[in-house]
S.K.: 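Quick one: the structure is below, questions incoming.
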Amino acid sequence: MAELRPHVEELRGLGVEPAVIGSGTPEEARAFAQQMHTDGGVLPIYVDEALVTYRAAGLKRSFGATLLHPSSWLKGVKSIAKHRQRKTAGDPWQQGGAMFVRPDGEVTWRFVSNFSGHHPAIAELIAEARRAAA
């Protein structure tokens with residue numbers, strides 16, 4: 001999220017309307033928005049406590065991918081060094097992902113996280129947005 005925020009307007013310029021779906025409560029989403037300075041509509045944050053969208057997107061939910069995967073530990077240490085960490089909100093075992101979905105529901109690109117902290121590089125995400133816009 002911290003890496004995505006500076007690129008929101010660039011993505012919108014490519015015709016992409018970025019949004020975040022979290023697994024926490026509405027109260028946790030509001031706190032997260034304030035922490036990430038996204039309140040005021042800069043980047044919409046939705047919640048799905050039942051994880052319906054995560055399952056529909058084919059995203060992974062795994063204790064092992066969260067705590068036991070060696071890369072999770074490395075990504076965690078790097079994240080702590082860059083950003084102040086707060087308490088866990090939402091489902092701690094649910095892995096994330098990223099996707100581009102057209103208004104008609106067609107998924108044109110998808111990234112599935114294999115472990116905690118695994119996400120596409122911003123450069124890859126922007127490149128995919130440009131490809132989709134072409």
Side-chain angles (χ1 to χ4, degrees):
M1 179 75 175
E3 292 178 50
L4 176 63
R5 188 180 55 227
H7 300 279
V8 168
E9 291 308 317
E10 180 180 4
L11 287 166
R12 286 185 176 138
L14 294 168
V16 173
E17 185 54 47
V20 173
I21 302 174
S23 64
T25 66
E27 294 78 24
E28 289 170 328
R30 278 190 287 280
F32 181 73
Q34 288 177 333
Q35 172 191 343
M36 299 306 293
H37 308 290
T38 63
D39 40 326
V42 173
L43 185 61
I45 299 175
Y46 303 98
V47 294
D48 177 10
E49 294 177 81
L51 307 177
V52 173
T53 53
Y54 290 85
R55 284 191 297 278
L59 301 179
K60 299 175 181 181
R61 183 176 184 277
S62 167
F63 170 83
T66 302
L67 289 180
L68 302 178
H69 197 287
S71 294
S72 289
W73 289 92
L74 179 61
K75 292 283 188 174
V77 169
K78 287 181 178 180
S79 181
I80 289 169
K82 285 184 181 178
H83 314 287
R84 181 172 175 229
Q85 300 298 301
R86 311 256 163 126
K87 72 177 186 110
T88 299
D91 187 326
W93 316 129
Q94 180 61 59
Q95 302 307 305
M99 56 183 15
F100 292 130
V101 182
R102 293 189 183 278
D104 66 3
E106 178 191 0
V107 176
T108 60
W109 178 79
R110 182 173 87 126
F111 179 93
V112 176
S113 299
N114 289 319
F115 52 85
S116 292
H118 182 222
H119 51 80
I122 289 298
E124 177 185 357
L125 194 121
I126 301 287
E128 291 297 336
R130 284 195 176 109
R131 229 181 316 276

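Bear in mind that the values here come from a model prediction, so they are computed numbers and not experimental data. We're numbering straight along the sequence, starting at 1.
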S.K.: Between CG of Asp91 and CG of Asp48, what distance do you get to the nearest 0.5 Å?
M.R.: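 Here the rounded value is 10.5 Å.
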S.K.: Looking only at non-hydrogen atoms, find the nearest pair between Val47 and Gly24 and report the distance.
M.R.: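 Heavy-atom minimum between the residues: CB-O, 3.4 Å.
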S.K.: In Å, rounded to the nearest 0.5 Å, how long is the span from CD1 of Ile122 to CG of Leu4?
M.R.: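 The CD1 atom of Ile122 sits 5.0 Å away from the CG atom of Leu4.
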S.K.: Cluster partners of Val107, using ILVMFWY side-chain heavy atoms under 4.5 angstrom, listed by chain and number?
M.R.: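 Its cluster partners, ordered by chain and number, are Met99, Val101.
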S.K.: To the nearest 0.5 Å, what is the distance between CZ (Arg131) and CH2 (Trp109)?
M.R.: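 Arg131 CZ to Trp109 CH2: 10.0 Å, rounded to 0.5 Å.
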S.K.: By side-chain hydrogen bond (donor to acceptor under 3.5 Å, both in side chains), which residues pair with Glu9, not counting sequence neighbours?
M.R.: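 Scan of Glu9 (side-chain hydrogen bond (donor to acceptor under 3.5 Å, both in side chains), adjacent residues dropped) gives Arg12.
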S.K.: Could you list the residues that satisfy side-chain hydrogen bond (donor to acceptor under 3.5 Å, both in side chains) with Thr108, not counting sequence neighbours?
M.R.: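 Here no residue qualifies.
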S.K.: For Arg30, enumerate each residue passing the salt bridge (charged side-chain N to carboxylate O under 4.0 Å, His left out) test, keeping only those at least two apart in sequence or located in another chain.
M.R.: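 Glu27.
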S.K.: Taking all heavy atoms of Phe111 and all of Pro120, pick out the closest pair and write down the distance.
M.R.: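 For Phe111 and Pro120, the tightest heavy-atom pair comes out as CD2-CD, 3.3 Å.
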S.K.: For the CG atom of Asn114 and the CD atom of Gln95, what is their distance to the nearest 0.5 Å?
M.R.: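 Rounded to the nearest 0.5 Å, the CG-CD separation comes out at 8.5 Å.
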S.K.: Does Ser23 use its side chain to pair, donor to acceptor, with the backbone of Gly90 at less than 3.5 Å?
M.R.: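 Judged by distance alone, no pair lies under 3.5 Å.
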S.K.: Where the side chain of Arg61 meets the backbone of Arg55, is there a donor-acceptor pair that is under 3.5 Å apart?
M.R.: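 Between the backbone of Arg55 and the side chain of Arg61 there is no qualifying donor-acceptor contact (under 3.5 Å).
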S.K.: Locate the shortest heavy-atom distance separating Ser113 from Gly97; write the atom from each residue and the value.
M.R.: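 Of all heavy-atom pairs spanning Ser113 and Gly97, the closest is OG-N, 3.7 Å.
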S.K.: List for me each residue that meets salt bridge (charged side-chain N to carboxylate O under 4.0 Å, His left out) alongside Glu10, sequence neighbours excluded, and say none if there are none.
M.R.: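 Partners of Glu10 by the salt bridge (charged side-chain N to carboxylate O under 4.0 Å, His left out) criterion, ordered by chain and then number, come out as Arg130.
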S.K.: Take Glu49 and Thr25 through the test side-chain contact (heavy atoms from CB on, under 4.5 Å) and record every step on the way to the result.
M.R.: CA-CA 6 Å; Glu49 294 177 81; Thr25 66; 3.3 Å; yes
S.K.: List, by chain and then residue number, the residues other than Ile21 in its hydrophobic cluster (Ile/Leu/Val/Met/Phe/Trp/Tyr, side-chain heavy atoms under 4.5 Å); write none if there are no others.
M.R.: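 When side chains under 4.5 Å apart are linked, the cluster holding Ile21 also contains Tyr46, Leu51, Tyr54, Leu59, Val112.
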S.K.: Between Gln94 and Lys60, which heavy-atom pair has the shortest distance, and what is it?
M.R.: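 Shortest heavy-atom contact: NE2-O, 2.8 Å.
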S.K.: Do Phe32 and Leu43 belong together in a cluster built from hydrophobic side chains that touch within less than 4.5 Å?
M.R.: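 Yes, it is one cluster - the side chains of Phe32 and Leu43 are joined through contacts under 4.5 Å.
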